[in-house]
Amino acid sequence: MTSSTTPVLLYLDVDGPLIPFGAGPYPAAREGEVNPLLARVDPTLGPRLAALPCELVWATTWMAEANECVAPRLGLPELPVVVWPEPSDEDGRGGIHWKTPALLDHAAGRSFIWVDDEITGADRDHVAARHPGRALLHRVDPGQGLTEADLGVLRAWLRTG
């Protein structure tokens with residue numbers, strides 16, 4: 001079981017996991033909506049994510065806009081946001097996603113789950129070799145977005161800690 005004093009961090013990407021790219025069907029976009037893809041956000045995911053014994057953190061290029069546009073649709077409060085470093089020539093070396101080193105820095109040894117649609121084996125290997133805490137890097141199918149099956153994987157991993 002995970003420690004009750006230091007909750008597991010749950011890093012959430014938006015595009016792919018929370019805004020799926022599959023064919024739908026999806027609700028119609030609201031009139032005047034800045035981003036019509038926001039209609040694809042499933043509001044039932046918010047309570048299910050909030051019920052996990054984790055500290056939710058945005059790990060998305062949406063940055064603070066995730067709190068303005070996505071969190072309200074999910075019924076979530078304002079969440080912390082990972083601030084990404086400036087791009088560098090090191091990004092993508094060895095097949096590692098550019099987010100991976102920044103998430104390791106942000107986690108600072110704490111156990112974490114990362115939910116994204118771009119995670120690869122190279123990211124898992126990199127984290128396993130460099131992170132002292134437990135970590136679950138869970139790839140979501142961007143055509144479907146985050147599903148109950150995905151949430152089941154997260155719950156099972158949390159129970160084994």
Side-chain angles (χ1 to χ4, degrees), residues 1-22 24 26-27 37-84 95-161:
M1 193 57 67
T2 58
S3 167
S4 61
T5 59
T6 307
V8 171
L9 296 164
L10 174 51
Y11 294 117
L12 290 168
D13 183 31
V14 171
D15 294 315
L18 299 178
I19 298 178
F21 299 125
Y26 300 106
L37 294 179
L38 285 168
R40 297 179 176 203
V41 174
D42 177 358
T44 69
L45 285 174
R48 293 185 282 165
L49 288 165
L52 295 171
C54 298
E55 180 181 333
L56 303 177
V57 179
W58 293 121
T60 174
T61 56
W62 283 66
M63 305 278 295
E65 282 186 282
N67 280 321
E68 298 165 18
C69 301
V70 182
R73 290 175 179 273
L74 294 169
L76 294 174
E78 186 171 309
L79 303 177
V81 177
V82 175
V83 177
W84 305 115
I96 296 165
H97 194 288
W98 62 268
K99 291 181 181 178
T100 305
L103 291 178
L104 286 177
D105 288 345
H106 188 274
R110 284 178 63 181
S111 295
F112 71 89
I113 297 171
W114 176 23
V115 174
D116 204 306
D117 62 314
E118 297 180 339
I119 294 169
T120 67
D123 298 304
R124 289 184 183 93
D125 292 344
H126 185 83
V127 169
R130 290 166 178 80
H131 185 65
R134 294 180 67 230
L136 172 65
L137 280 64
H138 183 73
R139 185 187 179 280
V140 172
D141 178 347
Q144 294 182 24
L146 191 63
T147 65
E148 185 56 38
D150 293 311
L151 291 169
V153 170
L154 307 186
R155 287 185 205 104
W157 185 84
L158 287 162
R159 282 192 302 270
T160 64

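Treat the numbers as computed from the prediction; the structure is a model and nothing was measured. In what follows, residues are counted from 1 in the order of the sequence shown.
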For A107, is there any backbone N or O sitting under 3.5 Å from a side-chain donor or acceptor partner on Y11?
yes
What residues form a side chain to side chain donor-acceptor pair (under 3.5 Å) with T100, not counting sequence neighbours?
D123
List for me each residue that meets ring-ring contact (aromatic ring centres under 6.0 Å, His included) alongside H126, sequence neighbours excluded, and say none if there are none.
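ring-ring contact (aromatic ring centres under 6.0 Å, His included) list for H126, sorted by chain: empty.
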Residues in ring-ring contact (aromatic ring centres under 6.0 Å, His included) with H138, at least two apart?
none
Please list all pairs meeting salt bridge (Lys or Arg N to Asp or Glu O under 4.0 Å) that have one or both residues in residues 57-73, counting only residues at least two apart or in different chains.
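Pairs touching residues 57-73 that pass the test: E33-R73.
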What residue pairs, at least two apart or across chains, pass salt bridge (Lys or Arg N to Asp or Glu O under 4.0 Å) with a residue in residues 5-14?
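Residue pairs passing salt bridge (Lys or Arg N to Asp or Glu O under 4.0 Å), neighbours aside: D13-K99.
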Contacts of [X] that satisfy side-chain contact (heavy atoms from CB on, under 4.5 Å) - sequence neighbours left out:
X: A108; result: none
X: R40; result: I19, P20, Y26, L37
X: A71; result: W58, N67, L76

Please tabulate, for the side chains in residues 41-55, all donor-acceptor contacts under 3.5 angstrom to protein atoms that are two or more places apart in sequence or on a different chain.
unit_1: D42; atom_1: OD1; unit_2: T44; atom_2: N; d: 2.9
unit_1: D42; atom_1: OD1; unit_2: T44; atom_2: OG1; d: 2.7
unit_1: D42; atom_1: OD2; unit_2: T44; atom_2: OG1; d: 3.0
unit_1: T44; atom_1: OG1; unit_2: R48; atom_2: NH2; d: 3.0
unit_1: R48; atom_1: NE; unit_2: T44; atom_2: O; d: 3.1
unit_1: R48; atom_1: NH1; unit_2: E148; atom_2: OE1; d: 2.7
unit_1: E55; atom_1: OE1; unit_2: R110; atom_2: NH2; d: 3.1

Centroid-centroid distance, F112 to H131, less than 6.0 Å
yes
CZ on R134 to CH2 on W157, rounded to 0.5 Å
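Nearest 0.5 Å value for the CH2-CZ distance: 4.0 Å.
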